[in-house]
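For reference, the structure is listed below as structure tokens.
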Amino acid sequence: MEEKIIDRKEAKEVGILCEDFLFRVSSDDLFVYLEDPLLEEEEKKRFYKNWEKIKNCLKLNGVQLVLDQPEVVEEKIIVAKAYPPKEGLPERIEFLPKFLKLFERKEESPEDFEKIEESEREDLRERFQKIICAVQGEPIAKWYPSVPPTPGLNIWGDVIEPPPLSEEKSFELGENVYLDEKENLIKAKISGVIIYEKGKIDISPEYVLKGDVDFSVGNIHFTGKKLTIQGDIKYGFTVECKGILELKGCTENKVTLKVEGSFISEGILRGEDTKIEVFGEARINGAEFANILVKGNLYVKNYLVFTNTLVEGNLIMTEGKGLIYGGKVCALGSIETKILGHPAQTKTEVCAGYLPEKVDTYLKLLEQEEIYLESLKKIRHGINLAEKLKKEGRFTEKHEEILKKLWQEEAKIKEKLSQIVKDIKGFKEDIENLRTKTIRVLQKVYPNVIIQIADVTYTVGSEIDGPITFYLEEVTIKTRGDK
């Protein structure tokens, strides 16, 4: 076959002959290859020896993208190869690690969790979280802008148009998130729960959980305006809420609740290992055996039964049953309730004007003062006895050593006592303010109720009908009838 310059159509039909080697063009114009494999060694030598001539021949026949050196692909010798077009990349996002928990949840049944050891379940409570929050300004996802498609070239040098870039986004931004184009990050406009549905990212400052806090939900660390839980909080789970928390259901044991805001509870807070801490006002239905700290006023509709409760405000229990029974209930402010104690005369401690770090420290200082005064009295007795022995001429060297030690000990105790007196004086103003608080009971006080106002206590010995108010006058707790 004689070498000649041919057109593209003929090149694709019969091939291109260069230096007695026949080259074929692929039907898609993406590469040119040697028709017959080089089986003989002499043929190979001749091919590579004439490679420069072959290149020129191919170019003369219109093949533009001839390779510098042939390539062997799947036993075919490729001599020309196109530049395929590159597809563009649409705009996309990639969630940051904290928020990947939204997509990593596993669908285990409650029966599966029962088979897991408690130590492992503790980890699962934290690991699998249905509710993930972001604070205002927090990055949620990385943003990757679109990359336009790149045209290609076929072996003839003609442009190959790339497929068009899809204009449809794989995501949508809600009104409470925004794109920071400087940092290429999707960020939160406000604090709240991340909502990702049908490709749309948004933040809800208020969230309603229509069920229990259990292994299908995981521990909750909420930041936003309000969290509402319509079910119960199951054994061992934690709910931390920076905002208003409304709990419709109850708690099981070993629950931890921490609320930085108001707390509303319609169910019963239960469990001797349950810990509830509220930095704000709390309104609850009732509690049994729970440990409660409220840094604000506490309103209880029905009862506090065998709880350990401390309120750094006033305690008001004038609705519903209004019962305090068993345990220890203390308030920095005043207390108003309907019933204290139980007909069975169960020990019940109720304290008003009580702040542990103030009252307990003050009482310890008073106790220490009394101990030091008693010690000084004994030491002074010993010194007086030594002086008497001196006058009577019965004073020995051994007595002299003892007297020196008594003087040294007296000096030490006087120094300590001086400091304690100063400390007591520093506490007195606060204690005097706490002593103005009262405990008002509308219906009944049963025997064995221990009443404490500030640093003074009184045990009720017999049943008392209300309404009645316990108040402190000097160092005595007194009562007055109310109309």
Exercise. To the nearest 0.5 Å, what is the distance between OG (Ser191) and NZ (Lys242)?
Worked result: 9.0 Å
Exercise. Does any donor atom in the side chain of Glu181 or Trp143 lie under 3.5 Å from an acceptor atom in the other side chain?
Worked result: no
Problem set entry | Within the 6.0 Å centroid threshold, strictly below: Tyr446 and Tyr325 | no
Exercise. So do Phe306 and Thr346 actually touch side chain to side chain, heavy atoms under 4.5 Å?
Worked result: yes
Problem set entry | Result of checking Pro148, Pro84, Pro151 against Pro162 for side-chain contact (heavy atoms from CB on, under 4.5 Å) | Pro151
Exercise. Is it the case that Arg480 places NZ or CZ above or below the six-membered ring of Tyr471, under 6.0 angstrom from the centre and within 45 degrees of the axis?
Worked result: yes
Problem set entry | Neighbour count >12 (heavy atoms, 6.0 Å) for atom CD, Glu400 | yes
For this session: Let me see the working for Asn297 and Glu281 under side chain to side chain donor-acceptor pair (under 3.5 Å), right down to the final yes or no.
Result: CA-CA 5 Å; Asn297 293 330; Glu281 182 180 277; 4.7 Å; no
Exercise. In this structure, which one of Leu209, Leu257, Leu245 forms a side-chain contact (heavy atoms from CB on, under 4.5 Å) with Ile220?
Worked result: Leu209
Exercise. For Tyr83, does the OH atom have more than 12 heavy-atom neighbours from other residues, nucleotides or ligands under 6.0 Å away?
Worked result: no
Problem set entry | Distance-only side-chain donor-acceptor flag, Tyr458 / Gln452, under 3.5 Å | no
Exercise. If you count the non-hydrogen atoms of other residues, nucleotides and ligands that lie under 6.0 Å from CD in Glu367, is the total more than 12?
Worked result: no
For this session: Indicate, with yes or no, if the rings of Phe171 and Tyr196 have centres closer together than 6.0 Å.
Result: no
Problem set entry | Other residues, nucleotides, ligands: >12 heavy atoms within 6.0 Å of Lys321 NZ | no
Exercise. Side chains of Phe470 and Val445: does their closest heavy-atom pair fall under 4.5 Å?
Worked result: yes
Problem set entry | Side-chain heavy atoms of Tyr354 within contact of Lys437, under 4.5 Å | no
Exercise. Does Lys275 offer a backbone N or O that forms a donor-acceptor pair with the side chain of Asn291 under 3.5 Å?
Worked result: no
Seminar exercise, completed: Between the OH atom in Tyr372 and the CD atom in Gln419, the distance rounded to the nearest 0.5 Å is 10.5 Å
